[in-house]
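Take a look at the structure set out below.
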Amino acid sequence: MKKLSILFLLISSFAFAQVVYVPSKITFKNGKVMDAKILFGIKRGNVDVLDEHDITDVFIRTGEKNGKYVKYPVADVKQVEFVDLQNRKRTFKWVAAYRNLVEVKYQGKISWYRLFSRLDNTTQMTDYLQKGNDQRIVLSLFSDNKKNLEALTSDKPELVPLIEKINYNNFKEEDLLEVLKKYND
């Protein structure tokens with residue numbers, strides 16, 4: 001009976017999984033631009049949060065008028081733009097170094113990218129800071145983010161107090177954005 005209950009829960013979670021079509025603009029590497037409705041899953045427990053992995057996987061699925069979807073290889077896509085369910089404008093672009101679409105959190109002399117990947121049926125996020133083509137750091141629990149960010153911005157020592165102020169255990173995006181914006185001034 002216990003096994004049957006677990007099986008029922010698994011089947012019902014897949015059967016009642018929520019999906020939504022989000023109006024988007026897709027720019028392909030060959031220059032073609034297309035307005036489309038991209039199929040996104042909704043994260044469990046959050047009816048207004050999209051599963052970003054749905055556009056960073058192998059294919060992007062778009063809705064068609066006849067009710068079926070069309071798949072486009074992510075490797076053929078240059079950029080995807082859309083407004084998410086929380087009314088935030090989001091941009092994902094192809095970054096050759098990551099061989100995938102990554103979310104552009106901030107673009108400048110130092111750019112901030114977020115890579116989404118799937119692990120044990122959950123979407124994982126990894127944040128990267130990129131300066132030029134050869135300086136890249138990963139923001140991680142397992143590295144000294146403060147030291148790495150100070151090294152990346154060493155040509156602007158006036159940013160050290162802002163970097164010191166960031167609480168890396170309770171990370172707030174606004175704090176890092178403030179450092180990156182001041183670096184680009």
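Just so it is clear, the values below take in all heavy atoms, side chains as well, and ignore hydrogens, waters and symmetry mates.
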Ion pair present between K156 and E150, side-chain N to carboxylate O less than 4.0 angstrom?
-> no
Nearest heavy atoms of K105 and L177, plus distance in Å | O-CD2, 4.1 Å
Do Y183 and E178 have side chains that get closer than 4.5 Å, going by heavy atoms?
-> no
Given side chains that start at C-beta, do those of Q135 and L152 come closer than 4.5 Å, heavy atoms only?
-> yes
Counting only heavy atoms not in K29, do more than 12 fall under 6.0 Å of its NZ?
-> yes
Atom CE of M125 with >12 non-hydrogen neighbours under 6.0 angstrom = no
Starting at OH of Y128, measure out to CG of L115 and round the result to the nearest 0.5 Å.
-> 5.0 Å
Output the distance between atom CG (D175) and atom CG (L180), rounded to the nearest 0.5 Å.
-> 11.0 Å
Answer with yes or no whether the hydrophobic clustering places V104 together with W112; edges join I, L, V, M, F, W, Y residues whose side-chain heavy atoms lie under 4.5 Å apart.
-> no
K32 and D76 ion-paired at < 4.0 Å | no
Do you reckon V83 sits in the same ILVMFWY cluster as V77, going by side-chain contacts under 4.5 Å, direct or chained?
-> no
Do you know the tightest heavy-atom contact between V102 and Y113?
-> CG2-CD2, 3.7 Å
Please list, chain by chain and in numerical order, all residues satisfying side chain to side chain contact (heavy atoms under 4.5 Å, CB included) with D84, sequence neighbours excluded.
-> L50, F82, Q86, R88, R90
In terms of heavy-atom contacts, does NZ of K78 have more than 12 from other residues, nucleotides or ligands at under 6.0 Å?
-> no
Taking the side chain as every heavy atom from C-beta outward, state whether V20 and L39 have any pair of such atoms under 4.5 Å apart.
-> no
Is E52 paired with R114 through a side-chain N to carboxylate O contact shorter than 4.0 Å?
-> no
Report the distance from atom CZ of F116 to atom CZ of F92, rounding to the nearest 0.5 Å.
-> 4.5 Å
Do I38 and F40 come close enough that some side-chain heavy atom pair is under 4.5 Å?
-> yes
From CD1 (I60) to CG (D54), nearest 0.5 Å | 10.0 Å
Rounding to 0.5 Å, atoms CG (L139) and CG (L176) come to a distance of 6.0 Å
Evaluate side-chain contact (heavy atoms from CB on, under 4.5 Å) for K25 paired with T27, printing each intermediate quantity in order.
-> CA-CA 7 Å; K25 178 181 169 186; T27 305; 4.3 Å; yes
Give a yes or no on whether N87 atom CG has more than 12 heavy-atom contacts from other residues, nucleotides or ligands under 6.0 Å away.
-> no
Around K172, counting heavy atoms of other residues, nucleotides and ligands shown, do more than 12 lie under 6.0 Å from its NZ?
-> no
Considering non-hydrogen atoms only, spot the tightest contact between A36 and I26 and give its length.
-> CB-CD1, 4.1 Å
Side chain proximity check, F28 to Y72, heavy atoms < 4.5 angstrom = yes
According to a 4.5 Å side-chain heavy-atom criterion applied to Ile, Leu, Val, Met, Phe, Trp and Tyr, with indirect links allowed, do Y106 and I137 form part of one hydrophobic cluster?
-> yes
Using the ring of F59 (Phe, Tyr or Trp, six-membered ring only), decide whether K71 places NZ or CZ under 6.0 Å from its centre and within 45 degrees of its axis.
-> yes
Please check if atom NZ in K182 has more than 12 non-hydrogen atoms from other residues, nucleotides or ligands closer than 6.0 Å.
-> no
Validation row: V74, T56 side chains within 4.5 angstrom (heavy atoms) | no
Does L101 reach the side chain of V80, with side-chain heavy atoms less than 4.5 Å apart?
-> yes
Close side-chain approach of D127 to V138, heavy-atom, < 4.5 Å = no
Applying the side-chain contact (heavy atoms from CB on, under 4.5 Å) test to L149, which of V160, I110, L129 qualifies?
-> L129
Heavy-atom closest pair (K37 atom, Y21 atom, distance to 0.1 Å) is O-CD2, 3.6 Å
Going from CG on N100 to CG on D57, what distance comes out if it is rounded to the nearest 0.5 angstrom?
-> 8.5 Å
Is the backbone N or O of G41 less than 3.5 Å from a side-chain atom of D51, with the two atoms forming a donor-acceptor pair by type?
-> no
What are the two closest heavy atoms between S154 and P157, and how far apart are they?
-> O-CD, 3.8 Å
Walk me through it: do D185 and K109 pass the test salt bridge (Lys or Arg N to Asp or Glu O under 4.0 Å)?
-> CA-CA 10 Å; D185 286 346; K109 295 174 192 170; over 6 Å; no
